[in-house]
Engineer: 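Can you keep this structure in mind? I'll have questions shortly.
Values below: every heavy atom of this structure, side chains too, minus hydrogens, waters and symmetry copies. We name chains A, B, ... by the order of the sequence lines, and we start the count at 1 in each one.
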Protein chains: 2
Amino acid sequence: MHAIGTLAKRTGTKVQTIRYYEQIGLLPEPGRTEGGQRRYDDDDLDRLAFIRHARQLGFTLEAIRELLDLSDNPGWSCADVDVIAHRQLKEVEARLARLEALRKELKRMLRECSRDTVSDCRVLEVLRDHSACLADHGTGV
Amino acid sequence: MHAIGTLAKRTGTKVQTIRYYEQIGLLPEPGRTEGGQRRYDDDDLDRLAFIRHARQLGFTLEAIRELLDLSDNPGWSCADVDVIAHRQLKEVEARLARLEALRKELKRMLRECSRDTVSDCRVLEVLRDHSACLADHGTGV
DNA sequence: CTTACAAGCTACAGTGGGTAGAGGTTCAAG
DNA sequence: CTTGAACCTCTACCCACTGTAGCTTGTAAG
Ligand SMILES: [Zn+2]
Ligand SMILES: [Zn+2]
Ligand SMILES: [Zn+2]
Ligand SMILES: [Zn+2]
């Protein structure tokens, strides 16, 4: 039986975060001492470790909820699990593409700046006018 | 003189977002009609376009506030502007590195999965146990 | 000039994923 | 038995919006 602080230390989670996961139904309500303090067993520890690791891999709490549900049915096909992971991969790849474009444009802005006065600053110039910008983030203005 | 909806359409911003920017002091309070509706001039349009473009490049509203302040002093050195842009570049690069690691691990998980039952699913296995994971996201668990 | 209705207004709540603090209680070591 | 670290609940806050409810204003057609 572990106190909440032990769980926190062992999984690298803040105590408040553990209570938050309980509140949103991601962790089950644990047993309590007579005085009302939470006490966890090793299953809770494993479940929290799973959640934290999935969070580190960028899964949303909703996706994690689905994964936990699936993981409770060991005999089922893992196709659904893989669909969730694949969706996550696609999201990561989309964000990567977007960030890569931003990185390129930021580098270019900085490279082209003469480092003189604000009125000549290439960075501000590009920010004022997307047509001076090579990134393809939408066409507003 | 433009109504708020015109500004919204021309900059690809939601009407509520424009009112939000005003509320947090990023856009000045515009004039009003007798009936109380906001009316904007072309300077407001330029300022909003600047904000939206900087947002598309990932700058935070706080950074944008600084950039706008600097941009109001055309004679100053643009060193401060470039510091802000450089900071933003570093943040983008850090996120890129992190996402790249996630992408790699997600791909590996999916490649190695036998696509059989949940109990054998490689995806779940890796999520349960970081030591089966090649990503280097901290040492918690 | 009336009427219809799109577009505007304010105010407040909610999103995701937590984090911080106030103010009080309990556990465990010495 | 005392001390004090760790626990408890509750509330509010972070970012950058977004959505809703319930009302008022502006404008163009008939
Ligand atoms: Zn510059
Ligand atoms: Zn651009
Ligand atoms: Zn699988
Ligand atoms: Zn891992």
Side-chain angles (χ1 to χ4, degrees), chain A residues 1-27 29-40 44 48 50-68 87-88 91-92 95 98 102 137-138 140, chain B residues 1-27 29-40 44 48 50-68 87-88 91-92 95 98 102 137-138 140:
Chain A
M1 287 303 191
H2 320 287
I4 197 169
T6 312
L7 232 71
K9 238 168 255 163
R10 294 239 249 154
T11 57
T13 316
K14 299 244 155 113
V15 165
Q16 290 103 311
T17 305
I18 298 176
R19 291 196 281 245
Y20 169 71
Y21 288 159
E22 177 185 330
Q23 195 190 315
I24 62 169
L26 210 55
L27 284 177
E29 288 185 32
R32 302 266 186 156
T33 62
E34 280 191 25
Q37 297 196 1
R38 291 169 179 81
R39 287 297 178 265
Y40 297 93
D44 296 318
L48 179 55
F50 183 100
I51 295 169
R52 293 309 288 176
H53 195 207
R55 283 296 294 138
Q56 290 185 314
L57 285 161
F59 289 88
T60 65
L61 293 183
E62 259 321 291
I64 293 170
R65 204 188 290 274
E66 292 179 65
L67 288 170
L68 283 167
R87 199 171 65 203
Q88 172 63 12
E91 267 164 40
V92 166
R95 280 197 284 160
R98 199 175 136 63
L102 296 195
H137 38 230
Chain B
M1 286 304 191
H2 320 286
I4 196 168
T6 313
L7 232 70
K9 238 169 257 164
R10 294 238 248 153
T11 58
T13 316
K14 299 245 154 111
V15 165
Q16 290 103 313
T17 304
I18 298 176
R19 291 197 281 246
Y20 169 71
Y21 288 159
E22 177 185 331
Q23 196 192 314
I24 63 170
L26 209 56
L27 283 176
E29 288 186 31
R32 302 267 186 155
T33 62
E34 281 190 24
Q37 298 196 1
R38 292 169 178 80
R39 287 297 179 265
Y40 297 93
D44 296 319
L48 178 56
F50 183 101
I51 294 169
R52 293 309 289 176
H53 195 207
R55 283 296 297 138
Q56 288 184 315
L57 284 161
F59 289 89
T60 65
L61 293 183
E62 260 322 290
I64 293 169
R65 204 188 290 274
E66 293 179 64
L67 288 170
L68 285 166
R87 198 172 65 205
Q88 172 62 11
E91 267 165 41
V92 166
R95 281 198 282 159
R98 198 174 136 62
L102 296 195
H137 40 227

Engineer: Nearest-nucleotide wise, let me know which of A:E34 and A:Y20 is further upstream toward the 5' end of DNA chain C.
Structural biologist: A:Y20
Engineer: Inspect the contact between B:R19 and B:E22 and indicate whether a charged nitrogen and a carboxylate oxygen are less than 4.0 angstrom apart.
Structural biologist: no
Engineer: Rounded to whole Å, how long is the line connecting atom CD of B:E91 with atom P of D:dC15?
Structural biologist: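 Going from CD in B:E91 over to P in D:dC15 covers 13 Å.
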Engineer: Base, sugar-phosphate, or nothing: which does A:Y21 touch, judged by heavy atoms less than 4.0 Å apart?
Structural biologist: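 The residue A:Y21 makes sugar-phosphate contact but no base contact.
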Engineer: For B:T17 and A:R38, find the nucleotide of DNA chain D closest to each by heavy atoms; which residue's nucleotide sits nearer the 5' end?
Structural biologist: A:R38
Engineer: Between B:R32 and A:T60, which has a closest nucleotide on DNA chain C that is more 5'?
Structural biologist: B:R32
Engineer: Measuring from atom CG of A:L7 to atom CD1 of A:I18, what distance do you get when rounded to the nearest 0.5 angstrom?
Structural biologist: 4.5 Å
Engineer: Measuring from A:I51:CD1 to A:L27:CG, what's the distance to the nearest 0.5 Å?
Structural biologist: 4.0 Å
Engineer: Rounded to the nearest 0.5 Å, what separation is found between the NE2 atom of B:H53 and the CZ atom of B:F59?
Structural biologist: 10.0 Å
Engineer: If I take atom CD in residue A:Q16 and atom C1' in nucleotide D:dA12, what distance separates them, rounded to the nearest angstrom?
Structural biologist: 13 Å
Engineer: Closest to the B:T33 side chain: D:dG26, C:dA20, C:dC9?
Structural biologist: D:dG26
Engineer: Round to a whole Å and report the spacing from CD1 of A:I24 to P of C:dG17.
Structural biologist: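 Interatomic distance, CD1 of A:I24 to P of C:dG17: 8 Å.
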Engineer: Counting any heavy atom closer than 4.0 Å, what does B:R52 reach on the DNA or RNA strands: base, sugar-phosphate only, or nothing?
Structural biologist: sugar-phosphate
Engineer: Could you work out which one of D:dT9, C:dC9, C:dT19 sits closest to the side chain of A:R19?
Structural biologist: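 So the nucleotide nearest the side chain must be D:dT9.
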Engineer: From NZ of B:K14 over to C1' of C:dG8, roughly how many Å is that when rounded to an integer?
Structural biologist: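 One finds 17 Å between C1' of C:dG8 and NZ of B:K14, rounded.
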Engineer: Measure across A:R39 and A:A3 and return the closest heavy-atom pair with its distance rounded to 0.1 Å.
Structural biologist: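 Shortest heavy-atom contact: NH1-CB, 3.6 Å.
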Engineer: So, does the side chain of A:E62 form a donor-acceptor pair with the base of C:dG16 at under 3.5 Å?
Structural biologist: no
Engineer: In whole Å, what is the span from the CD1 atom of B:I64 to the C1' atom of D:dC15?
Structural biologist: 12 Å
Engineer: Where the side chain of B:R39 is concerned, which of D:dT27, D:dT25, C:dG18 is the nearest nucleotide?
Structural biologist: D:dT27
Engineer: Closest to the B:I4 side chain: D:dC7, C:dG8, C:dT19?
Structural biologist: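 Selected nucleotide: C:dG8.
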